[in-house]
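See below for the structure under consideration.
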Amino acid sequence: AFQGVADDQSVNVGTLLRTSDELTEKYGVRANFDNLIAIASFGVACAIGLVGAFVGLRHSSFWLDELFTAWIVENTIKFDEFVARFVTDVHPPLYYVLVFLHSFVFGDDETGLRSFSAACGVAAILLFVIATKPYFSLAGRLFGGAMATGSFFWFYHAQNARGYSLSFLIGVGILVISLSILAKRQQPDARTGGAVAGLAALMLAGSFVHFYLMYECLAVLIVLAFF
């Protein structure tokens, strides 16, 4: 009698194990399929947004702040005149220096100046998707990129001849280096000196682009100090 009960229990356990393996295989395949759909969908959405950043740069004329940018970086003036102009603005000068150099190659019209912002906006998304690979899944990274490129805020500033999209790029760089520092702290023998130096350099550059980046830098330093 006891042997019969033991046999019945072994059969039941074997059946449960086979059922468990079948469910794991079934839902594992389904999970992989869902992941592929997510990657394809978010990837297409992200790609459309990245291409769209360069479409219609001449659709409208400069608005007031862009006119101020165009006046500062006019590529027919000498460098000393350029300096005399950008010191009249309350914003830090690094964006103006970079777009002034950019204008010598691409011009200082709507397309020329806005293309710099579009390039920075696209580079920010690509940097996020590529450089955060150790920390987020591909589907998660593409989802983040698609959310950004599908937002009016990102698209507007990607075609705005001001320093905001350059701030996006520097902000993503700060995020990537900060994540690497947090990850290295989990490794006993890992050295963070190079990453900290890079972070400091990027924060310094950001402080010469826009004052808002200084708030991000402060927030990052607080997180690194306590975590």
Side-chain angles (χ1 to χ4, degrees), residues 24 27-28 30-47 49-50 53 91-95 97-98 116-158 162-227:
T24 301
Y27 288 102
R30 176 61 182 273
N32 291 334
F33 180 74
D34 290 345
N35 189 53
L36 290 175
I37 293 296
I39 290 173
S41 301
F42 298 145
V44 169
C46 190
L50 295 179
H91 292 89
L94 184 56
Y95 166 75
V97 173
L98 295 177
F116 179 79
S117 295
C120 289
V122 168
I125 301 300
L126 294 178
L127 179 63
F128 174 79
V129 172
I130 295 171
T132 59
K133 180 180 179 180
Y135 317 110
F136 308 115
S137 67
L138 179 57
R141 285 176 279 139
L142 291 175
F143 173 75
M147 289 292 290
T149 58
S151 68
F152 175 78
F153 181 77
W154 179 88
F155 183 79
Y156 176 78
H157 288 297
R162 299 295 289 169
Y164 300 103
S165 62
L166 177 59
S167 300
F168 295 164
L169 178 58
I170 294 175
V172 173
I174 291 173
L175 169 67
V176 171
I177 297 177
S178 301
L179 288 173
S180 70
I181 293 174
L182 291 174
K184 287 178 180 179
R185 286 180 175 176
Q186 307 302 318
Q187 306 169 11
D189 299 328
R191 297 181 178 180
T192 61
V196 171
L199 181 63
L202 205 53
M203 287 181 170
L204 180 63
S207 67
F208 280 92
V209 173
H210 201 285
F211 297 116
Y212 286 162
L213 277 172
M214 299 180 70
Y215 292 108
E216 179 187 1
C217 295
L218 179 61
V220 167
L221 292 176
I222 292 173
V223 170
L224 292 179
F226 288 97
F227 296 96

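- Ala148 and Ser151 get closest at one heavy-atom pair: O-OG, 2.6 Å.
- No side-chain heavy atom of Leu175 sits under 4.5 Å from any side-chain heavy atom of Ser178.
- The two residues Ala139 and Asn35 make their nearest non-hydrogen contact at CB-OD1, 3.6 Å.
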Could you go step by step and tell me if Trp154 and Ile125 meet the side chain to side chain contact (heavy atoms under 4.5 Å, CB included) rule? CA-CA 10 Å; Trp154 179 88; Ile125 301 300; 3.8 Å; yes
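- The distance from the CG atom of Leu204 to the CG atom of Leu213 is 12.0 Å, given to the nearest 0.5 Å.
- Atom CZ of Phe136 sits in a crowded spot, with more than 12 heavy atoms from other residues, nucleotides or ligands closer than 6.0 Å.
- A 4.5 Å side-chain heavy-atom check between Ile181 and Arg185 finds at least one atom pair inside the cut-off.
- Going from atom SG of Cys217 over to atom CG of Leu202 covers 7.5 Å, rounded to the nearest 0.5 Å.
- With values rounded to the nearest 0.5 angstrom, Ile37 atom CD1 is found 11.0 Å from Phe42 atom CZ.
- Contact between Met203 and Val220 at its shortest, heavy atoms only, is CE-CG1, 3.8 Å.
- Contact check for Val209 versus Leu98: no side-chain heavy atoms found under the 4.5 Å cut-off.
- Take Phe128 and apply the ring-ring contact (aromatic ring centres under 6.0 Å, His included) test, not counting sequence neighbours, and it matches no residue.
- A heavy-atom distance below 4.5 Å is found between the side chains of Leu199 and Leu224.
- Across all non-hydrogen atoms, the minimal contact from Val122 to Ala53 is CG2-CB, 4.0 Å.
- Between the OH atom of Tyr135 and the CG atom of Leu179 there is a distance of 6.0 Å, given to the nearest 0.5 Å.
- Considering every non-hydrogen atom in both Cys46 and Leu142, the closest pair reads CB-O, 4.5 Å.
- Distance check: Leu126 CG to Leu169 CG gives 10.0 Å after rounding to the nearest 0.5 Å.
- The CZ atom of Arg162 sits 13.0 Å away from atom CZ of Phe116, with the distance rounded to the nearest 0.5 Å.
- His210 pairs by the ring-ring contact (aromatic ring centres under 6.0 Å, His included) definition with His91, Tyr164, Tyr212, not counting sequence neighbours.
- Considering every non-hydrogen atom in both Ser165 and Ser117, the closest pair reads OG-O, 2.9 Å.
- Take Phe153 and apply the ring-ring contact (aromatic ring centres under 6.0 Å, His included) test, not counting sequence neighbours, and it matches His157, Phe168.
- At distances below 3.5 Å, not a single donor-acceptor pair connects side-chain atoms of Ser41 with backbone N or O atoms of Ala38.
- A donor-acceptor distance shorter than 3.5 angstrom exists from the side chain of Ser137 to the backbone of Gly140, with no hydrogens or angles considered.
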